[in-house]
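Chain letters run A, B, ... following the sequence lines, proteins first and then strands; every chain starts at 1. What you see is a predicted model, and the numbers here were worked out from it, not measured in a lab.
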There are 2 protein chains.
Amino acid sequence: MSLRFALLALLRVGPLSGYDLQKQFSESVGHVWHAPDSQIYPELRKMEAEGLVAAEEQPRGERATRRVYHVTDAGDRAFTDWMRTPLAYSRVRDPAHLRAAYLETTTPAAARAFLSAHIAQWQGEIARWEAELSRIDAVENPMLARRIAVTAPQDRDRTIAFKRFAYEGLVERARGEVSWGRRGLHLMDTLVADDGSWAR
Amino acid sequence: MSLRFALLALLRVGPLSGYDLQKQFSESVGHVWHAPDSQIYPELRKMEAEGLVAAEEQPRGERATRRVYHVTDAGDRAFTDWMRTPLAYSRVRDPAHLRAAYLETTTPAAARAFLSAHIAQWQGEIARWEAELSRIDAVENPMLARRIAVTAPQDRDRTIAFKRFAYEGLVERARGEVSWGRRGLHLMDTLVADDGSWAR
DNA sequence: TAGGACATGTAACCTGTTACATGATTTA
DNA sequence: TAAATCATGTAACAGGTTACATGTCCTA
């Protein structure tokens with residue numbers, strides 16, 4: 001549902017081929033909304049069929065062509081309409097918290113392994129998002145640079161401020177996950193120390 | 001993928017019919033892993049076909065029957081194996097942060113509406129989870145009470161400790177979302193105050 | 001001339017959502 | 001006898017994952 005809006009957000013900055021889009025995607029919006037290329041190409045075709053984007057076929061060498069997509073008026077309207085529409089929040093479905101609720105059913109070693117992996121997972125995400133934050137500050141991210149280039153000077157700060165805001169939110173959430181995992185490890189220490197019986 | 005393990009977690013406490021399971025589900029594991037009944041019934045049939053659960057058909061009145069499911073040895077093994085298996089973390093796909101990254105493309109009113117809705121959404125979740133935490137402390141939740149009843153006394157603290165741990169994690173995350181949303185509203189104030197031009 | 005980047009997909013499958021569909025039993 | 005609750009699903013579709021599939025062009 002959101003994929004097409006992520007794609008529109010990128011294309012609104014300027015036309016891109018499916019291939020370029022997919023590459024830019026993975027190092028910009030992809031940090032917030034992951035999508036593999038096998039999903040991007042068909043989605044672009046669907047959006048084309050619905051008139052949200054239009055493709056211009058460009059010859060590439062002798063035989064090959066590439067399809068360069070741009071946003072149509074209808075696509076632009078779809079994007080701005082979506083931005084005004086309340087978000088549909090999906091119901092919680094969280095494998096990590098599901099498992100956490102039943103850690104007493106496994107061995108202390110498995111419980112600790114789960115918690116350590118959770119911490120490592122989110123530390124990895126923090127590293128990625130913080131790197132992205134530095135790139136935002138330095139306007140090093142190519143998509144952001146292009147976006148800033150086509151943005152009126154008085155609007156640039158806002159553009160950057162919201163990118164920062166979004167990524168800071170992700171980093172904070174990830175930090176929360178890490179500290180939750182650490183609390184879990186402490187909990188393990190107290191539970192195992194209090195009661196030597198827990199080992200299966 | 002996780003649905004069957006959520007179901008097994010409940011059934012390990014004792015046999016339940018699909019209907020009872022579905023009711024208990026929504027007020028226990030369902031807080032962590034939502035699933036509608038239209039998903040639960042077919043999943044139980046699939047699990048039965050795979051030998052993870054077995055059903056006993058009980059007559060109900062003159063004509064009707066109900067199928068009461070219990071966990072088989074294979075099902076128990078599947079659950080404990082899953083508890084030992086590293087979790088597969090799925091890639092980030094977060095509509096709220098996606099939208100947040102592009103708030104400069106909409107009106108200040110729409111941006112504020114989005115942030116307020118985000119805050120309200122997570123405050124609602126906090127209320128639900130905190131209520132559940134009180135029920136956990138009072139051992140009022142029927143599934144937890146049954147679970148405690150079949151748990152050896154020295155293991156009860158652990159069982160409760162991990163339920164608390166899981167729900168506390170959810171509450172903390174939700175608090176993070178609320179404070180992120182509030183920061184967003186403050187950001188709006190500074191951006192709109194600094195620059196009267198932002199209104200479309 | 002070989003390898004890496006460019007370029008674009010299809011197919012099968014799983015998970016989840018939404019809407020629809022039906023009927024029996026119990027209780028007020 | 002009507003309403004609530006018990007009881008169990010099916011069907012169609014949307015969205016996402018994984019694996020597979022194919023070929024061109026540029027550059028060292």
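- The shortest distance between side-chain heavy atoms of B:T105 and A:T80 does not fall below 4.5 Å.
- Scored by the ring-ring contact (aromatic ring centres under 6.0 Å, His included) test, A:W33 finds no partners at all (sequence neighbours excluded).
- Ion pairing between A:D157 and A:R164 fails under the 4.0 Å rule for side-chain N and carboxylate O.
- For A:D37, the side chain to side chain contact (heavy atoms under 4.5 Å, CB included) test picks out A:Q22, A:Y41, with sequence neighbours left out.
- A continuous path of ILVMFWY side-chain contacts below 4.5 Å connects A:V150 to A:F79, so both sit in one hydrophobic cluster.
- A salt bridge does not link B:E56 to B:R67: none of the charged side-chain nitrogens sits closer than 4.0 Å to a carboxylate oxygen.
- Between A:R173 and A:E168 there is no salt bridge, since no side-chain N of the basic residue sits under 4.0 Å from a carboxylate O of the acidic one.
- Taking the charged nitrogens against the carboxylate oxygens, B:D20 and B:K23 have no contact shorter than 4.0 Å, which rules out a salt bridge.
- Ring to ring, B:W129 and A:H97 are not that close: their centroids are 6.0 angstrom or more apart.
- A 4.0 Å heavy-atom criterion places the boundary nucleotides of DNA chain D facing chain B at D:dT5 to D:dT17, written 5' to 3'.
- For A:H118 and B:Y89, the ring centers sit closer than 6.0 Å to each other.
- If you take CG of B:L44 and P of C:dT15, they are 15 Å apart, rounded to a whole angstrom.
- Using a cut-off of 4.0 Å between Lys/Arg side-chain N and Asp/Glu carboxylate O, B:R183 and A:E172 are scored as salt-bridged.
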Can you pull every protein N or O that's under 3.5 Å from an N or O on nucleotides 2-4 of chain C?
none

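- Across residues 30-41 of chain A, A:S38, A:Y41 each have a non-hydrogen atom less than 4.0 Å from an atom of DNA chain C (numbered order).
- Counting heavy atoms from C-beta on, the side chains of B:L21 and B:F25 never come closer than 4.5 Å.
- Contacts with DNA chain D (heavy atom under 4.0 Å) in residues 86-99 of chain A: none are found.
- For B:W82, the ring-ring contact (aromatic ring centres under 6.0 Å, His included) criterion is met by B:F5, not counting sequence neighbours.
- Within the 4.5 Å cutoff, the side chain of B:L7 has heavy atoms near those of the B:E43 side chain.
- Electrostatic pairing of A:E132 and A:K163 does not count as a salt bridge here, judged by no charged N lying under 4.0 Å from a carboxylate O.
- For the pair A:R147 and A:D155, the salt-bridge criterion is not met [side-chain N within less than 4.0 Å of a carboxylate O].
- Along DNA chain D, the nucleotide nearest B:K23 and the nucleotide nearest A:L3 are compared for position; the residue whose nucleotide lies closer to the 5' end is B:K23.
- Counting to the nearest Å, the C1' atom of C:dA7 and the CZ atom of A:R67 are 12 Å from each other.
- Listed by chain and residue number, nothing satisfies the ring-ring contact (aromatic ring centres under 6.0 Å, His included) test with A:F114 (two or more places apart in sequence, or in another chain).
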Dump every N/O contact between nucleotides 25-28 of chain C and the protein below 3.5 Å, one line per pair.
{"from": "C:dT25", "atom 1": "OP1", "to": "B:R60", "atom 2": "O", "distance (Å)": "3.2"}
{"from": "C:dT25", "atom 1": "OP1", "to": "B:E62", "atom 2": "N", "distance (Å)": "2.7"}
{"from": "C:dT25", "atom 1": "OP1", "to": "B:R63", "atom 2": "N", "distance (Å)": "2.9"}
{"from": "C:dT25", "atom 1": "OP1", "to": "B:A64", "atom 2": "N", "distance (Å)": "3.4"}

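- DNA chain D lies under 4.0 Å from no heavy atom of any residue of residues 12-22 of chain A.
- From one end of the helix from C:dT1-D:dA28 to C:dA28-D:dT1 to the other, with five pairs defining each end axis, the axis direction shifts by 20° (rounded to 10°).
- Classification of B:R175 and B:E130 as a salt-bridged pair holds, one side-chain N sitting under 4.0 Å from a carboxylate O.
- The side chain to side chain contact (heavy atoms under 4.5 Å, CB included) search around B:R146 returns B:V13, B:L16, B:M143, not counting sequence neighbours.
- Linking ILVMFWY side-chain heavy atoms closer than 4.5 Å, directly or via other members, places A:I40 and A:Y19 in two distinct hydrophobic clusters.
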